[in-house]
Amino acid sequence: MGTELNKDTERSCSLLDRLLTWPQYLIPQHSLSMLMHSLTRSEVRWFKNAFIRFISWKFKVDISEAASANLADYPSFNAFFTRQLRDGIRPIAEGDSVVASPVDGAISQLGPISKGRIIQAKGHDYSVVELLGGDDALAKQFEQGQFATIYLSPRDYHRIHMPLSGKLTAMRYVPGKLFSVNQRTARAVPELFARNERVITVFETAYGPLVQVLVGAIFVGSMETVWAGQITPPYGKSLQDWQYQGEDALTLNKGEEMGRFNMGSTVVMLLPPGMPEFDKGWQAGAAIRLGQAMT
């Protein structure tokens with residue numbers, strides 16, 4: 001278990017944080033993300049190879065974990081970025097009630113949901129209702145439950161898996177901003193995860209409802225699920241809802257892939273009350289890997 005704390009996650013917002021974050025309010029977030037979306041899908045060999053090598057070098061990507069370690073095997077940068085891992089390299093924690101990490105990344109925050117609110121960063125919190133796009137009935141089901149926010153950096157594996165076995169019941173697309181979701185922005189932008197574009201997925205488990213919120217970000221405005229394919233782009237202007245019943249109510253086992261980010265971002269996981277608490281060894285700033293036991 002990775003328990004080293006990143007001191008950057010413990011700082012409150014500084015003047016420098018605000019100054020460095022301010023340009024994000026001014027830039028055309030969606031237009032830049034559309035441009036990045038196109039570039040990452042380019043199959044021009046020299047360009048995509050250079051792009052892959054640069055990101056691998058800059059972020060120290062461990063390509064040895066991938067199903068293919070040959071960079072030339074990837075037809076585009078996005079194919080590399082959403083690469084599959086080798087079989088068996090991320091064992092999934094056993095136990096029906098044991099919550100497994102849904103992604104590789106770093107824990108931004110985790111803990112109890114108190115009075116309908118979630119901690120974003122030191123000095124900042126936001127409401128579950130806002131995160132869920134105004135769905136008060138769904139939000140009430142997580143009062144006294146738990147949340148975990150996990151940030152995926154550019155070096156991480158970018159597919160999202162199931163922390164528990166569950167049956168898909170609903171999905172909601174919420175339009176919004178595309179601020180960065182790094183620690184500095186989390187400290188400086190109030191209600192960041194409830195302001196950014198997001199895809200909310202709802203599952204029914206043996207322990208109650210489970211929600212995984214895929215949060216978009218600048219250059220990360222492309223999210224998809226295994227049942228609906230690419231959801232963004234295009235970027236919508238209004239809420240969109242999907243309900244799944246009967247044959248449409250897909251069941252996914254713990255550890256199965258449920259979606260992916262085309263570029264990195266953040267997952268917010270909501271657990272219902274009555275489940276075992278997160279292991280005390282997990283703290284903000286700790287590195288975590290897909291499949292590790294969180295409870």
Side-chain angles (χ1 to χ4, degrees), residues 99-113 116-121 124-143 145-152 158-164 166 168-182 185-186 189 191-205 208-217 220-228 230-232 235-236 239-242 244 252 257-272 278 288 290 294:
V99 177
S101 173
V103 291
D104 282 4
I107 295 173
S108 178
Q109 296 289 335
L110 84 171
I113 297 171
R117 302 193 70 80
I118 290 174
I119 296 171
Q120 175 175 301
H124 284 304
D125 62 13
Y126 62 99
S127 81
V128 177
V129 173
E130 291 169 339
L131 175 69
L132 299 180
D135 192 334
D136 186 65
L138 180 60
K140 285 179 178 177
Q141 296 183 65
F142 294 96
E143 184 57 42
Q146 300 175 88
F147 79 96
T149 305
I150 306 176
Y151 167 71
L152 289 73
H158 281 84
R159 300 189 185 191
I160 307 154
H161 294 247
M162 293 293 291
L164 293 168
L168 175 69
T169 60
M171 181 171 70
R172 166 172 279 193
Y173 164 75
V174 184
K177 298 293 186 179
L178 289 174
F179 288 102
S180 169
V181 289
N182 61 27
T185 310
V189 177
E191 301 180 337
L192 172 63
F193 302 119
R195 296 175 72 167
N196 270 17
E197 178 183 69
R198 54 205 180 275
V199 174
I200 301 159
T201 62
V202 185
F203 296 86
E204 186 61 35
T205 77
L210 161 74
V211 162
Q212 294 216 99
V213 182
L214 285 57
V215 183
V220 196
S222 181
M223 296 172 280
E224 61 184 82
T225 64
V226 297
W227 59 88
Q230 182 173 295
I231 298 166
T232 61
Y235 304 116
L239 290 171
Q240 298 179 51
D241 284 297
W242 295 262
Y244 301 97
L252 292 172
E257 181 182 343
M258 57 78 61
R260 65 183 66 175
F261 289 116
N262 299 309
M263 297 293 281
S265 192
T266 289
V267 172
V268 182
M269 177 174 62
L270 305 182
L271 299 176
F278 288 123
I288 193 166
L290 167 67
M294 297 187 71

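Quick note: numbers below take in every heavy atom, side chains included, and nothing from hydrogens, waters or symmetry partners.
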Nearest 0.5 angstrom please: [X] [atom1] to [Y] [atom2], how far?
X      : Y      : atom1 : atom2 : result
Phe193 : Ile118 : CZ    : CD1   : 10.0 Å
Ser265 : Ile160 : OG    : CD1   : 8.5 Å
Ile150 : Gln109 : CD1   : CD    : 12.0 Å
Trp242 : Thr201 : CH2   : OG1   : 12.0 Å
Thr225 : Met171 : OG1   : CE    : 4.5 Å
Leu132 : Lys140 : CG    : NZ    : 13.0 Å

Partners meeting side-chain contact (heavy atoms from CB on, under 4.5 Å) with Gln141 (sequence neighbours left out):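 Gln141 satisfies side-chain contact (heavy atoms from CB on, under 4.5 Å) with Leu138, Pro209 once adjacent residues are dropped.
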
With sequence neighbours left out, what residues match Thr169 under side-chain contact (heavy atoms from CB on, under 4.5 Å)? Val202, Glu204

Report yes if the side chains of [X] and [Y] come closer than 4.5 Å at any heavy-atom pair, otherwise no.
X      : Y      : result
Ile113 : Leu270 : yes
Val174 : Ile200 : yes
Leu239 : Tyr173 : no
Leu214 : Arg198 : no
Leu192 : His124 : no
Phe261 : Leu152 : yes
Arg260 : His158 : no
Arg195 : Tyr126 : no

Indicate every side-chain donor-acceptor pair of residues 99-107 with a distance under 3.5 Å to a residue at least two apart or in another chain.
residue : atom : partner : partner atom : Å
Ser101  : OG   : Val103  : N            : 3.4
Ser101  : OG   : Val103  : O            : 2.7
Asp104  : OD1  : Arg90   : NE           : 3.1
Asp104  : OD1  : Leu290  : N            : 2.7
Asp104  : OD2  : Arg90   : NE           : 3.3
Asp104  : OD2  : Arg90   : NH2          : 2.8

Could you tell me whether the side chain of [X] and the main chain of [Y] form a donor-acceptor pair under 3.5 Å?
X      : Y      : value
Asn196 : Val215 : no
Ser222 : Thr232 : yes
Gln212 : His161 : yes
Arg117 : Val128 : no

Return the minimal non-hydrogen interatomic distance between Leu178 and Gly216, and the atom names on each side.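 Of all heavy-atom pairs spanning Leu178 and Gly216, the closest is CD2-C, 3.9 Å.
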
For Asp135 and Arg172, run side chain to side chain contact (heavy atoms under 4.5 Å, CB included): C-alpha distance rounded to whole Å, both residues' side-chain angles, the deciding distance at 0.1 Å, then the answer. CA-CA 10 Å; Asp135 192 334; Arg172 166 172 279 193; 3.9 Å; yes

Audit row: Glu130, Glu191, side chain to side chain contact (heavy atoms under 4.5 Å, CB included) steps and yes/no: CA-CA 9 Å; Glu130 291 169 339; Glu191 301 180 337; 3.2 Å; yes

Result of checking Val211, Val213, Leu210 against Met269 for side-chain contact (heavy atoms from CB on, under 4.5 Å):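 Answer to the side-chain contact (heavy atoms from CB on, under 4.5 Å) test with Met269 among Val211, Val213, Leu210: Leu210.
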
Distance-only polar pair, side chains of Trp227 and Tyr244, donor-acceptor under 3.5 Å: yes

Would you please test Glu224 and Asn262 for side chain to side chain contact (heavy atoms under 4.5 Å, CB included) and show each step? CA-CA 8 Å; Glu224 61 184 82; Asn262 299 309; 3.2 Å; yes

Test side chain to side chain contact (heavy atoms under 4.5 Å, CB included) on Val267 and Thr149; report intermediate values, then the result. CA-CA 6 Å; Val267 172; Thr149 305; over 6 Å; no

